[in-house]
Number of protein chains: 2
Amino acid sequence: MNEPTARRRDVTVADVAREAKVAKATAARSLGGYGAVSDDVRQRVQAAAEALGYHANGLARSMNTGRSNTIGVIVGDIENPYFGLAMRGITDTAKAAGYDVILANTGEQLDAEIDAARVFVEKRVDGFIVAPASFTLTDHLSDIMHSGRPLVLLDRHVANLDDVDVIEVDNEKVAHAAAQHLIDRGHERIAFITTLELGSNPYQAGDELGVSSVSARVNGILAAMNTAGVDNSERYLRFGANSGSGVKGVTRELMQLEEPPTAIIASDSLIAMGVLGELRELGLTVPDDVSFIMFDDFEWATLISPALTVIAQPVYEVGVAAATRLIARIEGRVTGEPIQVFPAALVHRKSVAPPRVVGRDDA
Amino acid sequence: MNEPTARRRDVTVADVAREAKVAKATAARSLGGYGAVSDDVRQRVQAAAEALGYHANGLARSMNTGRSNTIGVIVGDIENPYFGLAMRGITDTAKAAGYDVILANTGEQLDAEIDAARVFVEKRVDGFIVAPASFTLTDHLSDIMHSGRPLVLLDRHVANLDDVDVIEVDNEKVAHAAAQHLIDRGHERIAFITTLELGSNPYQAGDELGVSSVSARVNGILAAMNTAGVDNSERYLRFGANSGSGVKGVTRELMQLEEPPTAIIASDSLIAMGVLGELRELGLTVPDDVSFIMFDDFEWATLISPALTVIAQPVYEVGVAAATRLIARIEGRVTGEPIQVFPAALVHRKSVAPPRVVGRDDA
DNA sequence: TTGTAAGCGTTATCAC
DNA sequence: GTGATAACGCTTACAA
């Protein structure tokens, strides 16, 4: 610990230049690694910088270059392992390309998202990755695009925003497959639980807070039900179940209906834990009393008994793709289609069985 | 979408001032909300700013004020739900106090941590929260402190860094309790598995990459074993088991020993999943064939059968405390003790039982 | 209250 | 190659 204790004012290029007895511009060229500098000067400057404990001021640098080498990421809930894993995909990719990451957590609140977008613009991030909280209220997103900063949407797309990059999975298709799987086992009363709100959809009027991934899943489920000739199937859809007690309350309410669902699809792993916990609380077992499918696949899903039938998404890859795409945009390289849809897969395990009482026409 | 499409150069205070027909400084005062401005001018400036689509340049602002309203967070693995939850505590607290958060993920690699520290200093963050990857290699951390920026250590402390703030849990105590619990059930062969390396400890020579939380846990376990008269107990300690197949390999190796452990303690939930998965693979059941305890408590631990006996840490609160403490330092308010130790609790569930063959002296 | 002018620490431009 | 000097967009004296 011999370094000179740098106090008060930071050491600047001017200080280094003086110490190395060269002009400020020369020192700057050497330190910044641009322009041409003689070996002799380079060494003197290097020595002076080290002696003084020089640290470049990134703010000043960014101010002239106009680039901050930073990307802003705005997600709904970093506690959700889905976003944790996607975030690792993003940070891994960003770091490899020389970018830093600023993170904002919105709690899926639109105003927090708007706020974060403004702050990030003020911080002059080079680009944005956003998992938008609303399908329709996207003025702040179009502001971002108008500001000339690249924007990549993660996990969800929005209405009325042309040519925006989107990285998402084929929610409708896989949700349809999941519902079909349940229908094939004889289920007609299938519940779907999410903490988010329903997006633009024929089945709801005020859709201001909706999210596309949710409406896609709902559409997939309802389409399958419809084809199977089941009607009034939307009665088991539950939105806005905030994590924790909210999910448990919704689960209880559902299972106490006169005609409770015979199968439940949970929209993410956090919800799944709440649902499964409450089912156990209610003395109900999976899949004997109720079948169960969850979105996302983490190893604990295979450790539970019964092992959970899940919808596996390439989460890390989605993060990587979002960051890759964003950085390509930032650096002026446009690659591939703006909308990139990853497949998700229904992984059959043991949490789905024919319903208890009716319709035991096993396929 | 009527906003004028701001192109090329950003709108500056000068532009707004010209539009509002006032001096640059006046417009700046009004926009920045400092100094005194007449209502008349305030309105004209406001109107001009909106018309032009002005967005403050935070970089320029930070450059004069010397403050960026940003805190840098450096963690080992954001994918680990522990850090995900702690991160939420940090971001929630930071946002409430008007701070943004920059995140760096090191993969527990020291060089990545050093790099991140340098970059964050260059970005002029107001303070640091770091979960250090090494107990002893901390020059970059003392550099941070010498630069005059507050630093709070999260989850782990380090050697040779005086007066640094630390927020951690009482790992040694709770690890001792966990081991004692196993010993009371008759276990003498207790394994401990972590992805990290062992910190400064009498039981290892080269401790450069060690982490204090790990050595504290090891010390707690070995102390309990020692008191119980068990020797050579360190033979079941496993460090540096990288997540995924690494953990599984270590688990297999342990269970294939001539004298395999009769109990396993996993150092976090990610490791626990790997261990439990491999145990099942090996056809071993918990707790009949081997007892099991994991650090961290997430709801899936209660959904598994048997429900997992765990060591519950106040993770979110640790994040909140770290951010709170850091912000207090940044703002010149020094509150409480530099080292804050939170309690952790052993939560008894069903994954611990007496060992199969020997020592069935149940307490 | 408002205006003028001088910084903040870089990079960029243009001579030499 | 190297050295002056002007930006970058804001805040902060200091006057008026």
Side-chain angles (χ1 to χ4, degrees), chain A residues 6 8-46 48-49 52-70 119 121-126 147-148, chain B residues 6 8-46 48-49 52-70 119 121-126 147-148:
Chain A
R8 285 271 155 268
R9 212 174 59 81
D10 290 312
V11 179
T12 75
V13 279
D15 299 323
V16 175
R18 199 178 312 118
E19 176 81 9
K21 302 195 186 309
V22 294
K24 194 169 66 172
T26 308
R29 273 190 281 262
S30 181
L31 261 8
Y34 58 94
V37 191
S38 70
D39 275 3
D40 173 46
V41 169
R42 182 180 307 287
Q43 290 185 342
R44 290 220 312 279
V45 170
Q46 194 61 31
L52 266 40
Y54 170 77
H55 278 293
N57 185 328
L59 299 178
R61 170 174 299 158
S62 294
M63 216 169 86
N64 304 57
T65 59
R67 306 195 54 253
S68 60
N69 273 285
T70 303
V119 170
V121 168
E122 290 186 356
K123 276 195 163 22
R124 296 297 191 262
V125 297
D126 293 334
S147 84
Chain B
R8 285 269 157 267
R9 212 173 60 82
D10 289 313
V11 179
T12 75
V13 279
D15 299 323
V16 175
R18 197 177 315 116
E19 176 81 7
K21 303 195 187 308
V22 293
K24 194 169 65 173
T26 308
R29 273 190 280 263
S30 180
L31 261 9
Y34 55 95
V37 191
S38 70
D39 276 3
D40 173 47
V41 168
R42 181 181 308 286
Q43 290 186 343
R44 291 219 311 276
V45 170
Q46 194 60 31
L52 266 40
Y54 170 77
H55 280 293
N57 185 327
L59 299 178
R61 172 173 296 158
S62 293
M63 216 169 88
N64 311 50
T65 60
R67 307 194 54 252
S68 60
N69 273 286
T70 304
V119 171
V121 168
E122 290 187 355
K123 276 194 161 27
R124 297 297 191 263
V125 297
D126 293 334
S147 83

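Letters A, B, ... are given to chains in the order of the sequence lines, protein chains preceding strands, and every chain is numbered from 1.
Residue whose closest nucleotide on DNA chain D sits further toward the 5' end, between A:Ala36 and A:Lys24: A:Ala36. If you find the closest nucleotide of DNA chain C to A:Leu31 and to B:Lys21, the one lying nearer the 5' end belongs to B:Lys21.
Taking 4.0 angstrom as the limit, A:Thr65 places none of its side-chain polar atoms (N or O) nearer than this to OP1 or OP2 of C:dA12. For B:Tyr34 and D:dT12, the shortest distance from a side-chain N or O to OP1 or OP2 is not below 4.0 Å. Contact check, A:Thr26 against D:dG3: a side-chain N or O comes under 4.0 Å of OP1 or OP2.
Remark: the A:Arg124 side chain and the D:dG9 base include no donor-acceptor N/O pair separated by less than 3.5 Å. At a cut-off of 3.5 angstrom, counting only N and O atoms as typed in the model, there is a donor on one side and an acceptor on the other between the side-chain of A:Asn64 and the base of C:dG9.
Straight-line distance from the CZ atom of A:Arg42 to the C1' atom of D:dT2: 13 Å, rounded to whole Å. Atom pair A:Arg29:CZ and D:dG1:C1' shows a separation of 8 Å (rounding to whole Å applied). Regarding A:Arg67, its CZ atom lies at a distance of 19 Å from the P atom of D:dC8, rounded to whole Å. Taking atom CE of A:Met63 as the reference point, atom C1' of C:dT11 lies 10 Å away to the nearest angstrom. Atom CG in A:Asn69 sits about 15 Å away from atom C1' in C:dT10, given to the nearest Å. Rounded to whole Å, the distance from CG on B:Asp15 to P on D:dG9 is 8 Å. The distance between atom CZ of B:Arg18 and atom P of D:dC10, rounded to the nearest whole Å, is 12 Å. The CZ-C1' distance, from A:Arg61 to C:dG9, rounds to 10 Å in whole Å.
Ranking D:dC10, D:dG3, C:dA5 by closeness to the A:Val22 side chain, first place goes to D:dG3. Proximity note for A:Ala25 (side chain, C-beta onward) versus C:dT10, D:dC10, C:dA12: the nearest is C:dA12. Which of D:dT2, D:dG9, D:dG3 sits closest to the side chain of A:Val41 comes down to D:dT2.
The one candidate from A:Thr26, A:Val13, A:Val37 that meets the side-chain contact (heavy atoms from CB on, under 4.5 Å) condition with A:Leu31 is A:Val13.
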*Could you give me the CA-CA distance, side-chain angles and deciding distance for B:Arg29 and B:Val41, then say whether side chain to side chain contact (heavy atoms under 4.5 Å, CB included) is met?*
CA-CA 10 Å; B:Arg29 273 190 280 263; B:Val41 168; over 6 Å; no
*asked:* Could you walk me through whether B:Arg44 and B:Val22 satisfy the side chain to side chain contact (heavy atoms under 4.5 Å, CB included) test, starting with their C-alpha distance in whole Å, then the side-chain angles of each, then the deciding distance to 0.1 Å, before giving a yes or no?
replied: CA-CA 9 Å; B:Arg44 291 219 311 276; B:Val22 293; 3.4 Å; yes
*Go through the steps for A:Glu19 and A:Leu52 under the test side chain to side chain contact (heavy atoms under 4.5 Å, CB included), then give the verdict.*
CA-CA 9 Å; A:Glu19 176 81 9; A:Leu52 266 40; 4.0 Å; yes
*Apply the test side chain to side chain contact (heavy atoms under 4.5 Å, CB included) to residues A:Asp39 and A:Gln43: give CA-CA distance (whole Å), side-chain angles for both, the deciding distance (0.1 Å), then the verdict.*
CA-CA 6 Å; A:Asp39 275 3; A:Gln43 290 185 342; 5.6 Å; no
